[in-house]
Number of protein chains: 2
Amino acid sequence: MSYHHGNLRQKLLERAAHVIAEQGIESLSLRALARDLGVSHAAPTRHFADKAALLRALATEGSDRFIDYIMTAADEAKDDPLERYAAMGKAYIRFSLTYPAYYRAINHPEVAAHADRKLNESAERRHDMIFEAARAAQAAGWLSDERTEDVMMFSIATVRGAAASLSDPLHGPGEMNLEDEDSTTDELIERIVRLIIDPAAPQKSRGRNAQKNAGTKGRNR
Amino acid sequence: MSYHHGNLRQKLLERAAHVIAEQGIESLSLRALARDLGVSHAAPTRHFADKAALLRALATEGSDRFIDYIMTAADEAKDDPLERYAAMGKAYIRFSLTYPAYYRAINHPEVAAHADRKLNESAERRHDMIFEAARAAQAAGWLSDERTEDVMMFSIATVRGAAASLSDPLHGPGEMNLEDEDSTTDELIERIVRLIIDPAAPQKSRGRNAQKNAGTKGRNR
DNA sequence: CCGCAAAGTTGTCATTGACAACATTGGGGC
DNA sequence: GCCCCAATGTTGTCAATGACAACTTTGCGG
């Protein structure tokens, strides 16, 4: 009864996520994980062939949740395509802060280098999801003269960079004054995404109704 | 004569940069570096107390070159502040592709965690350089109603995300169709930065003169 | 009820970062 | 001109880690 752990695989993933969130992916050690869970140093091998396999599993799980998270946020938004796209952008950044371990696993070079079919398929679903949303926003008039690939590259780059700037303790004191004075993270995300979507939108009404008429004003030509 | 290597410190940095560019920071090993240079495994200790110290040195050197690189690009641009800011954005992305080892070292979490005074000062100079350029662009009318912190966060996030998307082999097949058909990397950078700066700029004339009138048209309110 | 496969264990090896103790060399002070 | 010593490089060692091999325990299904 104490020999078979039962659900070691799941526990390993959970503990790994915890460690990654606390100390980063570099500090992850299979042996330390085993110690934390009170099993022998080689036990993880039964569930993950090597470190890359564990990270790949975490990334795959994370990528799927990422899709759900963003689709949920999109569906909760008004059905104006531009507002929907903005909601997805905000969700993208929020996911990276809410599930840092998933997000880091997804974006870790080592993981991408050892991707398998499932992970690649999930990545492709993510891509298609964003591509379709971008295309819909363009069809509604936003940046409609640009190539969709460029619009998507631009949007993803910005939210990705914002996620990086927000999560890394990185860039020491001075590089990025987050959370200054009276601005919460949510407000900052709101403003950043607004700059992607619609820099000319009226500042005063940028709450839930800010984009009510989006598609007929703002960044259109 | 063969005992004292002479300029081992410099050789170590160069070789480290090479390895990082080829195989990423994770694969960097002090012992492998020593082997490559034909010295004993402990020789690097004389120049860098530990791995973090080597990366810190690389990051500091890189940060200084980063500043020079961007300032040079800025000074070569027309003196319209917006065009200057765009030139800096493009230089930012190009630097990440031209000197991937420097760029990765600068942005590595482990490095930021062990920063010293020199590195922090260089990071601060980078920050100030960009901040001033953003402020000048705003003074010329671009996004002049936004907080400079937000404008800067937005700009940096986008170029940073673009750099990440362009350099990582990451996000397997399908996530990001770089270099499709007839588009070079330089053109892609051009289009991305144009989307930051001036989404309404005329598409036809986006060569060297594209932003000739920037600041009086385009993204202004 | 028992055998076999899943799951866990102990043991070992090569690699690595870090450190200590020792060796070599060349340049500056005398 | 010589010698000392500080800078630089070397050998040796240790603990941690990932990976692998060989063995053990357990419980489930025929």
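All values below come from the heavy atoms of this structure, side chains included, with hydrogens, waters and symmetry mates left out. All figures in this text were calculated on a predicted structure; none of them were measured in a lab. Proteins come first, then strands; the chains are lettered A, B, ... in the order of their sequence lines, and each starts at number 1.
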Sub-3.5 Å pairs of nitrogen or oxygen atoms, protein against nucleotides 12-14 of chain C:
none

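- Rounded to an integer number of Å, the gap from CZ of Phe48(A) to P of dA7(C) is 12 Å.
- Salt bridge annotation for Glu121(B)-Lys118(B): absent, with no cationic side-chain nitrogen under 4.0 angstrom from a carboxylate oxygen.
- Not a single donor-acceptor pair under 3.5 Å links the side chain of Ser63(A) to the backbone N or O of Ala59(A).
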task: Could you give me the CA-CA distance, side-chain angles and deciding distance for Tyr99(B) and Tyr103(B), then say whether ring-ring contact (aromatic ring centres under 6.0 Å, His included) is met?
output: CA-CA 6 Å; Tyr99(B) 304 103; Tyr103(B) 187 74; over 10 Å; no
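- Per the geometry, CG belonging to Leu8(B) stands 8 Å off P belonging to dT10(D), to the nearest Å.
- Listed nucleotides dA18(C), dT9(C), dT17(D) differ in distance to Arg35(A); the shortest reach to its side chain belongs to dT17(D).
- In terms of phosphate contacts, His47(B) brings a side-chain nitrogen or oxygen within less than 4.0 Å of OP1 or OP2 of dG9(D).
- Residue Ala43(A) has its side chain nearest to dT9(C) when only dT9(C), dT10(D), dG17(C) are considered.
- One atom, CD of Glu26(A), and another, C1' of dT17(D), lie 15 Å apart when rounded to the nearest Å.
- Nearest-nucleotide assignment on DNA chain C puts the 5′-proximal partner with Ser29(B), out of Arg46(B) and Ser29(B).
- Rounded to an integer number of Å, the gap from Leu30(A) CG to dC20(D) C1' is 13 Å.
- In this structure, Arg160(A) and Asn107(A) have side chains that are in contact, with non-hydrogen atoms separated by less than 4.5 Å.
- Distance CG (Asp50(B)) to P (dA20(C)): 13 Å, rounded to an integer number of Å.
- Closest contact between the side chain of Ala42(A) and the listed nucleotides dA21(D), dA18(C), dT10(D) involves dA21(D).
- The CG atom of Leu188(A) lies 8.0 Å from the CD1 atom of Ile93(A); values are rounded to the nearest 0.5 Å.
- Summarising the geometry, the separation between NZ on Lys51(A) and P on dT15(C) is reported as 18 Å, rounded to the nearest angstrom.
- Salt bridge Asp64(A)/Arg125(A): present, at least one basic N to carboxylate O contact under 4.0 Å.
- Rounded to whole Å, the distance from CG on Leu28(A) to P on dA16(D) is 17 Å.
- Counting any heavy atom pair closer than 4.0 Å across all strands shown, Leu33(B) reaches no nucleic acid atom.
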Working for side chain to side chain contact (heavy atoms under 4.5 Å, CB included), residues Leu30(B) and Phe48(B): CA-CA 10 Å; Leu30(B) 291 181; Phe48(B) 305 103; 5.9 Å; no
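- In this structure, CG of Leu54(A) is placed 11 Å from P of dA19(D), rounded to the nearest angstrom.
- Contact check, Thr45(A) against dG18(D): no side-chain N or O comes under 4.0 Å of OP1 or OP2.
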